[in-house]
Amino acid sequence: MVIAVAGGAGFVGSAFIRYTAEHHPEDRIICFDALTYAADMDNLRNVLASSSFLFLKGDITRKNDVERLFSYHPDILINFAAESHVDRSIDSPGLFIHTNVYGTGVLLDACIEHGIKRFHQISTDEVYGDLPLDYEGDGFTEESPLHPSSPYSASKAGADLLVLSYIRTYGLKASISRSSNNFGPGQNREKLIPKTIWNALHGIEVPIYGDGLNVRDWIHADEHARAVDMIIRSGRYGEIYNIGSRNEISNIALVRHILEVLGKPCSMITYVPDRKGHDRRYAINPGKISNELGFNAERMDFDNTILSYAASFGKLTDE
Ligand SMILES: NC(=O)c1ccc[n+]([C@@H]2O[C@H](COP(=O)([O-])OP(=O)(O)OC[C@H]3O[C@@H](n4cnc5c(N)ncnc54)[C@H](O)[C@@H]3O)[C@@H](O)[C@H]2O)c1
C-alpha cells in the first residue's frame with residue numbers, strides 16, 4: 001500500500017511516519033510537506049534512507065504540487081498539514097484559512113479526481129470549543145456541536161465540514177479524527193511543553209497565560225499515531241473518531257511539574273496577560289474509538305519525555 005502523508009515533516013505527522021515505518025514495513029510512505037518553519041526533517045532521520053520512503057517538497061494549496069504527489073498513485077492520503085499554532089492564528093488568520101481550509105479543499109478535489117481509496121483528515125478537539133472548569137460530564141463526543149474559539153480551531157472546523165461535504169456530495173471515502181493536545185519528541189519550541197523546558201534550561205522566565213488554570217487533555221504523539229493507524233486500516237468510512245487519553249491537567253500544574261522534574265524553581269514562572277479567546281478546558285470523550293476499534297491510549301512516561309526533550313536541547317545541567 002502507498003500511504004501519502006501531507007505535513008509529515010511536522011511534529012505529529014513525523015510520529016505517524018515513524019510508527020508506520022516500524023509497524024508496516026511492507027507499505028510505501030510518501031511524505032509531502034511544504035517545509036514551513038514548523039517542519040523538522042530531523043524528526044524523519046530514521047526513515048530517510050529507507051527504500052520504502054520518499055520525501056516530496058510540496059504545498060497542499062498548490063494544485064500542481066498536489067498533482068505531482070498523485071503521480072505516485074497513493075492508496076491513502078492522510079492530511080496532517082496545517083498551520084497549527086493558535087497564537088500565530090490570532091496574529092495572521094488569513095494564512096490559517098488559506099492553508100487549513102483552502103489547502104484541504106485542494107487535496108479533496110485531487111482525491112475525487114484520482115479516485116483515492118481513502119482520505120483521512122487530522123483534526124483537533126479544539127473544534128468543539130471549551131468547557132467550564134467545573135464541568136463534570138463525560139466530555140465532548142463526535143456528536144457535540146462545533147464551537148471553535150480561535151481562527152486556528154475555526155479553520156480546522158471549516159476543513160472538517162468540507163471533508164464531510166465531499167463524503168456526502170461526491171461519495172468520497174474519508175474519515176476524520178479529532179485529537180486532544182499532543183506531547184512527545186520533536187515538537188516546535190514555541191509550544192507550551194518544549195518552550196517551558198527550553199526556558200527553564202536557559203534561565204529564561206517561563207510565561208504562563210492568565211491564571212494558568214486552563215485544563216488540557218494530553219496524549220503522546222506516538223499514541224495519536226497508533227490511533228490514526230487503526231482508523232485508516234479498520235475505521236469506518238464517513239466517520240469521525242475522537243482521540244484522547246483522559247489525562248487532564250491544568251497548564252500551571254503541568255508547568256510546575258516540568259520545573260520539578262528538571263530541578264528548577266517555580267519562581268521562574270511569570271504570569272502574562274491571557275491569550276485572546278483562551279479556551280478554559282478541553283475534555284474529549286474517546287469512547288467511540290475504544291468501543292469500535294479497541295483503541296485505548298496508553299499512559300506514556302511523561303517525565304522521561306521531559307528529560308529526553310531536555311537532552312535534545314543539549315543542556316541538562318544548571319547554569
Ligand atoms: N500538536 C497537537 O497537539 C495537535 C493536537 C490535535 C490535532 N493536531 C493536528 O495535527 C496536525 C499536525 O499538527 P502538528 O502539531 O504536527 O503541526 P506542526 O505545525 O508541527 O506541523 C505541520 C506540518 O505541516 C506542514 N505544512 C504547513 N503548511 C503546509 C502546506 N501548505 N503544504 C504542505 N505542508 C504544510 C509544515 O511544514 C509542518 O511540517 C494538524 O492538522 C493539527 O491541527 C495537532
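Order of appearance sets the numbers: ligands from 1, and atoms from 1 within every ligand. This is a predicted model, so every value here is computed, not measured.
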Undergrad: Among side-chain atoms of S150 and S153, is any donor-acceptor pair under 3.5 angstrom?
TA: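 Looking only at side-chain atoms, S153 and S150 do form a donor-acceptor pair, the distance falling under 3.5 Å.
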Undergrad: Tell me whether the rings of F183 and W218 are parallel (<30°), tilted (30 to 60°) or perpendicular (>60°).
TA: perpendicular
Undergrad: Less than 4.0 angstrom from a charged side-chain N to a carboxylate O is my criterion; do K276 and D91 meet it?
TA: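 Looking at D91 together with K276, the answer is no, because their closest N to O distance does not fall below 4.0 Å.
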Undergrad: Validate the cation-pi geometry between R280 and Y135: distance from NZ or CZ to the six-membered ring centre under 6.0 Å, angle to the ring axis within 45°.
TA: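 Verdict for Y135: no cation-pi partner in R280.
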Undergrad: Looking only at atom types and distance, does a side-chain atom of N188 sit under 3.5 Å from a main-chain N or O of E190, one as donor and one as acceptor?
TA: yes
Undergrad: Which pairs of nitrogen or oxygen atoms, taken one from ligand 1 and one from the protein, are under 3.5 angstrom apart?
TA:
unit_1	atom_1	unit_2	atom_2	d
ligand 1	3 (O)	N182	N	2.8
ligand 1	16 (O)	F11	N	3.2
ligand 1	16 (O)	V12	N	2.7
ligand 1	17 (O)	S84	OG	3.3
ligand 1	19 (O)	S84	OG	2.7
ligand 1	20 (O)	F11	N	3.1
ligand 1	31 (N)	D59	OD1	2.8
ligand 1	32 (N)	I60	N	2.9
ligand 1	34 (N)	A34	N	3.1
ligand 1	37 (O)	D33	OD1	2.6
ligand 1	37 (O)	T36	N	3.0
ligand 1	37 (O)	T36	OG1	3.1
ligand 1	39 (O)	G10	N	3.0
ligand 1	39 (O)	D33	OD1	3.2
ligand 1	39 (O)	D33	OD2	2.7
ligand 1	41 (O)	F80	O	3.3
ligand 1	41 (O)	K156	NZ	2.6
ligand 1	43 (O)	Y152	OH	2.6
ligand 1	43 (O)	K156	NZ	3.2

Undergrad: Could you list the cluster mates of Y209? Members are the ILVMFWY residues connected by side-chain heavy atoms closer than 4.5 Å, either directly or through other members.
TA: V272
